[in-house]
Amino acid sequence: MQETDGMICRACGNEERASEGYPCAECETFICLICSFRGVTLCKACAEKQGGQTEPPAAGP
Ligand SMILES: [Zn+2]
Ligand SMILES: [Zn+2]
């Protein structure tokens, strides 16, 4: 049994099978099946981007 299609999940960091994963909804990097079961559709980097999307009010000088 060969596991040649292992890829690192960009959400949890585990190596999972690429054929059983999903692409990140944002950048299409690899998200593993386990994460997608948990409702994760974005990789870590994109999740952080989305999470901090509340832009601060433009209180310029
Ligand atoms: Zn994962
Ligand atoms: Zn992403």
Side-chain angles (χ1 to χ4, degrees):
M1 192 163 137
Q2 282 184 306
E3 297 201 27
T4 53
D5 65 343
M7 284 186 75
I8 303 294
C9 170
R10 297 302 173 190
C12 69
N14 288 336
E15 186 172 333
E16 303 291 345
R17 301 185 72 176
S19 56
E20 294 178 353
Y22 290 88
C24 167
E26 190 72 24
C27 69
E28 298 187 356
T29 199
F30 176 65
I31 306 290
C32 74
L33 190 67
I34 294 143
C35 284
S36 69
F37 273 146
R38 291 176 182 157
V40 176
T41 55
L42 298 169
C43 71
K44 210 168 193 175
C46 289
E48 280 172 11
K49 265 190 268 175
Q50 298 274 312
Q53 210 173 34
T54 45
E55 287 179 34

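Whatever order the structure lists them in is the order used to number ligands and atoms, beginning at 1. Numbers here simply count residues along the sequence, with the first being 1. Hydrogens, waters and symmetry mates are skipped; everything else that's a heavy atom, side chains included, is used. Please read these numbers as outputs of a predicted model, since none were measured by experiment.
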Q. Would the number of heavy atoms belonging to other residues, nucleotides or ligands and lying under 6.0 Å from CD of E28 be above 12?
A. no
Q: May I have the angle between C43 SG and C46 SG with its vertex at the Zn ion (ligand 2), rounded to 10°?
A: 100°
Q: Could you grab the angle centred on the Zn ion (ligand 2), going from SG in C27 to SG in C24, to 10°?
A: 110°
Q | Approximate separation, where rounding is to 0.5 Å, of E20 CD and I34 CD1 | A | 9.0 Å
**Q.** Vertex the Zn ion (ligand 1), rays to SG in C9 and SG in C35 - rounded to 10°
**A.** 110°
**Q.** Common cluster, F37/Y22, ILVMFWY with side-chain heavy-atom separation under 4.5 Å
**A.** yes
Q: For a side-chain contact (heavy atoms from CB on, under 4.5 Å) with C43, tell me which candidate from C9, C35, C12, C27 qualifies.
A: C27
